[in-house]
Protein chains: 2
Amino acid sequence: MAAVPRETKREILDAAEAMLQERGFNAFSYHHIAERLGVKNAAIHYHFRSKADLGVAVIERYRRRFARWAEKLDAEERDPWLKLEAFFQIYLDFKIRGGKICPSGILQAEYHSIPEEMRASASALIVDLQEWLTGTLAQGREQGAFQFPGEPADQAMVVGATLQGALQIARAWGPERFDTALEQLRRQMRPS
Amino acid sequence: MAAVPRETKREILDAAEAMLQERGFNAFSYHHIAERLGVKNAAIHYHFRSKADLGVAVIERYRRRFARWAEKLDAEERDPWLKLEAFFQIYLDFKIRGGKICPSGILQAEYHSIPEEMRASASALIVDLQEWLTGTLAQGREQGAFQFPGEPADQAMVVGATLQGALQIARAWGPERFDTALEQLRRQMRPS
DNA sequence: GTCTATAGGGAGATAGAC
DNA sequence: GTCTATCTCCCTATAGAC
């Protein structure tokens with residue numbers, strides 16, 4: 001059983017995660033984090049030896065959080081549409097909270113310029129998300145709640161890529177464009 | 001009438017565009033470009049005073065190229081599906097050529113950490129792409145070639161965001177995931 | 001755990017010679 | 001147009017005091 005992270009360590013992870021989603025991994029520094037926390041550069045290095053270590057820790061924490069979220073939702077909610085809407089809500093929250101984009105998206109966009117140690121975690125993250133989506137879509141179609149052609153894994157790619165892409169587009173074209181894309185996904189999958 | 005850009009200037013734009021799509025704007029430097037061209041740092045500054053100027057020039061050249069592409073295609077091709085497939089092919093080429101992602105996507109992902117002067121161009125680019133897609137989808141549905149619910153502009157968001165997002169996902173999860181997403185878009189829009 | 005101080009490197013950018 | 005040389009700044013990272 002892992003110990004509860006001390007306050008500073010958690011605050012560093014929070015700040016790094018926020019800046020990752022706001023500016024990208026290549027556009028924030030230890031100095032930026034230190035400034036936000038009111039400490040000095042070297043304090044961050046005490047908790048995370050290198051920026052690559054910090055990057056991996058941010059991704060792995062996000063993966064654990066999503067796993068807990070999915071486990072709880074799958075246990076408590078039976079309605080496929082409400083499960084999918086809960087997933088949509090994660091992205092709506094990102095949009096609202098300062099125009100963040102999804103961590104998975106920015107890590108893929110910067111995939112060839114982030115430290116090599118982070119890439120395995122970034123890949124594992126998108127697989128986590130897609131597996132949950134695929135399972136939820138499969139279950140929902142069996143129950144007659146969703147309608148779509150092809151396999152659930154195929155539709156999961158369109159849904160996941162649309163959410164990720166539309167969050168990014170919303171930055172350059174206006175937040176309401178994300179809602180447009182979301183509503184179109186709902187229209188496509190609503191049984192006729 | 002603008003003069004034909006000299007060789008070096010064009011080569012700088014080519015290198016910058018490639019690195020933008022491969023690594024992101026924040027992950028390449030004047031030194032990287034100079035090295036690839038076999039010249040020195042300062043030579044790049046002669047052609048583009050600042051990196052922001054270079055960034056704007058790359059985006060504006062891309063926009064002009066897309067406008068010419070669209071004009072030619074709209075004049076020569078009547079079949080809506082073949083027009084859409086030609087658009088898909090742009091993204092397939094990116095995927096094949098070293099795992100590039102679309103310029104629009106990386107600029108949006110880094111939107112809050114690129115020079116302010118570049119943002120207007122980045123926004124104009126996504127509007128160009130979406131306007132062409134919207135027009136093509138509208139025309140195709142009128143002719144009975146496409147099937148989708150909602151408005152053409154709504155479907156254009158899903159198609160555009162899927163292409164952009166799926167190219168990124170393909171990096172972290174395998175190139176074949178892009179083809180999966182593409183095929184699902186075709187299935188969704190094929191008249192039943 | 002956090003600090004000061006600093007090493008060492010890379011970034012964008014400019015001046016002036018050729 | 002391209003070069004050498006250089007400025008200034010910021011970055012990641014470490015050593016050692018407190």
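None of the values given here were measured: they were computed from a predicted structure. Below, all heavy atoms of this structure are taken into account, side chains as well, without hydrogens, waters or symmetry copies. Within every chain, numbering begins at 1; the chains are lettered A, B, ... in the order of the sequence lines, protein sequences first and strands thereafter.
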Under 4.0 Å from any atom of DNA chain D, heavy atoms only: list the residues of [range] that qualify, in numerical order.
{"range": "residues 16-35 of chain B", "answer": "none"}
{"range": "residues 36-47 of chain A", "answer": "N41(A), A42(A), H45(A)"}
{"range": "residues 114-121 of chain B", "answer": "none"}

Answer yes or no: is there an ion pair linking R10(A) with E7(A), defined by an N-O contact shorter than 4.0 Å? yes
To the nearest angstrom, how far is E11(B) atom CD from dG1(D) atom P? 13 Å
Atom CG of L54(B) to atom P of dA11(C): distance rounded to whole Å? 15 Å
List in chain and number order the residues that pass side-chain contact (heavy atoms from CB on, under 4.5 Å) with P115(B), two or more places apart in sequence or in another chain; answer none if no residue qualifies. F25(B), A52(B), E117(B), M118(B)
For R190(B), all residues meeting side-chain contact (heavy atoms from CB on, under 4.5 Å), sequence neighbours excluded: E183(B), R186(B), R187(B)
Any ring pair (Phe, Tyr, Trp, His ring centres under 6.0 Å) involving [range]? Give me the pairs, sequence neighbours left out, ordered by first then second residue.
{"range": "residues 154-192 of chain A", "value": "none"}
{"range": "residues 133-156 of chain A", "value": "W81(A)-F146(A)"}
{"range": "residues 103-128 of chain A", "value": "none"}

Across all chains, not counting sequence neighbours, the side-chain hydrogen bond (donor to acceptor under 3.5 Å, both in side chains) partners of R97(A) are none
Going by the rule side-chain hydrogen bond (donor to acceptor under 3.5 Å, both in side chains), which residues pair with N26(A) if we only count those two or more places apart in sequence or in a different chain? E110(A), S113(A)
Contacts satisfying salt bridge (Lys or Arg N to Asp or Glu O under 4.0 Å) that involve residues 27-48 of chain A (not counting sequence neighbours) are E22(A)-R36(A)
Tell me which pairs pass side-chain hydrogen bond (donor to acceptor under 3.5 Å, both in side chains) where either residue lies in residues 138-153 of chain B, with sequence neighbours left out. K83(B)-Q139(B)
